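The structure under discussion appears below in the form of structure tokens.
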2 protein chains.
Amino acid sequence: MPPSKKQHLISCARRLFESEGFHTTGIDRILEEAGVAKMTLYNNFGSKDMLIVAVLNDTSQDMLNRLSASVTHINDPYEQILGIFDALAQWHDSDDFCGCMFQAAVAEFPDPESEPAKAAQSHLLRLTELFYGLCIRAELDDARTLSSMLAMIASGANCTARQIRTDLPAKHARQIAEILLERACSRPLSSSTIAN
Amino acid sequence: MPPSKKQHLISCARRLFESEGFHTTGIDRILEEAGVAKMTLYNNFGSKDMLIVAVLNDTSQDMLNRLSASVTHINDPYEQILGIFDALAQWHDSDDFCGCMFQAAVAEFPDPESEPAKAAQSHLLRLTELFYGLCIRAELDDARTLSSMLAMIASGANCTARQIRTDLPAKHARQIAEILLERACSRPLSSSTIAN
DNA sequence: GGTAGAATAGACCAACCTGTCTGTTTATTT
DNA sequence: AAATAAACAGACAGGTTGGTCTATTCTACC
């Protein structure tokens with residue numbers, strides 16, 4: 001009935017994985033929630049792990065799209081970077097926030113060679129890339145280092161927010177970002193910048 | 001043979017949980033590794049979840065002890081704070097580093113009322129408290145906010161390090177901490193500091 | 001040396017898990 | 001209206017899990 005069973009399965013699985021974790025959410029729970037037969041799942045995805053990968057990729061794209069969209073109306077790229085953290089705060093403040101799915105994925109799939117772990121890792125890279133693009137547009141010094149730092153702060157805000165359940169970490173992250181940006185306008189971040 | 005079976009069980013379980021996760025590590029794996037009978041485990045801990053809690057508490061104490069110990073030889077409390085991040089970098093650089101166990105715990109036990117989740121949360125509080133004590137001793141402004149920020153940055157470094165597997169995130173975290181401390185010497189971090 | 005408490009091995013259980021298979025029903029297309 | 005493909009319900013298999021129980025052995029202590 002909905003545009004595609006496949007997409008419907010992904011979004012139901014996403015909701016369950018977010019709120020209950022990957023391992024603890026059984027296939028049957030997902031099928032029941034989605035109102036879909038077991039064979040539909042296995043015909044479309046092949047295995048539970050591959051469903052997880054599909055969910056991670058879908059969520060990554062959705063999340064990066066939202067973050068980008070939330071700052072397009074801002075002109076100054078400098079302010080755009082700060083806007084990302086505002087969007088983060090808004091996310092953390094919403095009722096259904098229950099932590100960053102990609103951090104959960106690396107925790108539940110410790111083998112870095114596993115497909116879910118790789119999907120989670122590539123999300124982090126894409127997020128860093130998003131910051132990098134904005135840093136370049138803002139003509140900031142040392143964009144490579146700076147964007148790594150911003151991504152790291154965002155990760156810190158995500159996992160801290162999961163625990164204390166307020167938007168305070170994101171607000172703190174924004175303050176820190178502001179300080180970093182201020183400094184990156186004039187002088188380099190460190191005299192001996194480490195490679196990569 | 002070792003001081004106590006209980007402690008031996010905890011440290012074996014710790015190693016396995018760290019490298020393979022909580023849910024994926026079965027009871028039997030732990031027993032085999034520890035060379036201990038199943039009933040010994042259940043007599044001492046009652047359940048797998050309670051073993052996990054014991055491991056988390058033990059690890060928390062061990063980790064905070066190590067961090068504190070790594071900076072006791074430094075006189076200046078300002079430098080002590082930075083020393084914490086050096087210790088973090090050293091940890092991340094070691095071969096057996098495979099991420100922060102407490103972040104893994106909150107990911108694998110999404111229910112914040114569950115005992116493992118509570119144990120993980122209280123570790124974060126203790127870490128923040130450690131920073132707070134150092135901030136006070138360094139006579140820095142806005143110690144409450146600052147220590148929250150430092151703990152958040154440390155968390156960000158932890159989870160980023162898990163993914164890219166270098167000590168670079170911790171080094172970046174140290175740089176950021178340095179900037180924050182520098183500013184906290186003179187003026188408050190924000191005119192309108194948010195409560196708590 | 002006898003006794004009490006802990007630790008042992010290992011069988012056992014019920015529940016749950018992912019994944020497969022089958023036969024039927026529903027939609028879509030021509 | 002016929003044919004093709006997808007989705008369906010549900011039984012089934014094989015394996016694993018956390019946890020219990022029992023009967024035996026080890027280890028101290030008095």
Side-chain angles (χ1 to χ4, degrees), chain A residues 1-56 104-105 107-111 113-117 119, chain B residues 1-56 101 104-105 107-111 113-119:
Chain A
M1 190 80 64
S4 95
K5 292 277 174 191
K6 195 168 180 176
Q7 191 56 41
H8 181 231
L9 214 31
I10 286 180
S11 52
C12 284
R14 174 178 171 181
R15 206 167 346 107
L16 286 170
F17 287 150
E18 272 176 347
S19 60
E20 302 181 22
F22 296 100
H23 287 311
T24 54
T25 305
I27 291 270
D28 294 336
R29 261 311 291 290
I30 300 170
L31 297 175
E32 182 193 345
E33 199 83 4
V36 145
K38 195 174 265 193
M39 278 315 291
T40 308
L41 190 157
Y42 280 93
N43 282 332
N44 278 292
F45 299 98
S47 72
K48 184 189 181 182
D49 274 18
M50 280 306 139
L51 169 64
I52 291 175
V53 170
V55 168
L56 287 171
E108 293 212 45
F109 297 89
D111 177 9
E113 295 303 316
S114 67
E115 292 302 320
Chain B
M1 191 79 66
S4 94
K5 293 274 174 191
K6 194 167 179 176
Q7 191 55 41
H8 180 232
L9 214 32
I10 286 180
S11 53
C12 285
R14 175 178 170 180
R15 207 168 343 110
L16 286 170
F17 287 149
E18 272 176 348
S19 60
E20 301 180 23
F22 297 100
H23 287 311
T24 54
T25 304
I27 290 272
D28 294 336
R29 258 315 288 292
I30 299 170
L31 297 176
E32 182 193 344
E33 199 83 5
V36 146
K38 195 175 261 192
M39 279 314 291
T40 309
L41 190 158
Y42 281 94
N43 283 332
N44 278 293
F45 299 99
S47 72
K48 184 187 182 185
D49 274 17
M50 280 305 135
L51 169 64
I52 291 175
V53 170
V55 167
L56 287 171
M101 186 180 230
E108 293 211 46
F109 297 89
D111 177 9
E113 295 304 313
S114 68
E115 292 302 319
K118 283 194 223 163

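Chain identifiers are assigned alphabetically (A, B, ...) following the order of the sequence lines, protein sequences preceding nucleic acid strands; residue numbering begins at 1 within each chain. Basis for what follows: all heavy atoms, side chains included, without hydrogens, waters or symmetry-related copies. Quick caveat: nothing in here was measured; it's all calculated off a predicted structure.
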Inset, instruction - Sequence neighbours left out, what passes side-chain contact (heavy atoms from CB on, under 4.5 Å) with B/Lys6? Give chain and number order. - result: B/Ser4, B/Asn44, B/Phe45
Legend entry - Closest contact, heavy atoms only, B/Ile10 versus B/Ala54: CD1-CB, 4.1 Å
Inset, instruction - Report the residues that fulfil side-chain contact (heavy atoms from CB on, under 4.5 Å) with A/Thr24, sequence neighbours left out, ordered by chain and then residue number. - result: A/Glu20, B/His23
Inset, instruction - Grab the CG-C1' distance between B/Leu9 and C/dT8 for me, whole Å please. - result: 14 Å
Which protein N or O atoms sit under 3.5 Å from an N or O of nucleotides 18-21 of chain C?
residue: C/dT18; atom: OP1; partner: A/Lys48; partner atom: NZ; Å: 2.6
residue: C/dT18; atom: OP2; partner: A/Ile27; partner atom: N; Å: 2.8
residue: C/dG19; atom: OP2; partner: A/Tyr42; partner atom: OH; Å: 2.9
residue: C/dG19; atom: OP2; partner: A/Lys48; partner atom: N; Å: 2.8
residue: C/dG19; atom: O5'; partner: A/Tyr42; partner atom: OH; Å: 3.4
residue: C/dG19; atom: N7; partner: A/Lys38; partner atom: NZ; Å: 3.2
residue: C/dG19; atom: O6; partner: A/Lys38; partner atom: NZ; Å: 2.7

Legend entry - Residues that B/Glu33 engages under side-chain contact (heavy atoms from CB on, under 4.5 Å), provided they are two or more places apart: B/Arg15, B/Leu16, B/Arg29
Inset, instruction - Using modelled atom types only, decide if a donor and an acceptor are shared between the side chain of A/Lys48 and the backbone of A/Gly26 within a distance under 3.5 Å. - result: no
Legend entry - Under 3.5 Å: donor-acceptor pair, side chain of A/Ser11, backbone of A/Gln7: yes
Inset, instruction - Taking all heavy atoms of B/Pro116 and all of B/Asp49, pick out the closest pair and write down the distance. - result: CG-O, 4.4 Å
Inset, instruction - Round to a whole Å and report the spacing from CD of A/Glu32 to C1' of C/dC16. - result: 15 Å
Legend entry - Interface limits on DNA chain D, where chain A has a heavy atom under 4.0 Å of a nucleotide atom: D/dA7 to D/dA9
Legend entry - Partner residues of B/Asp111 under the salt bridge (charged side-chain N to carboxylate O under 4.0 Å, His left out) criterion, sequence neighbours left out: none
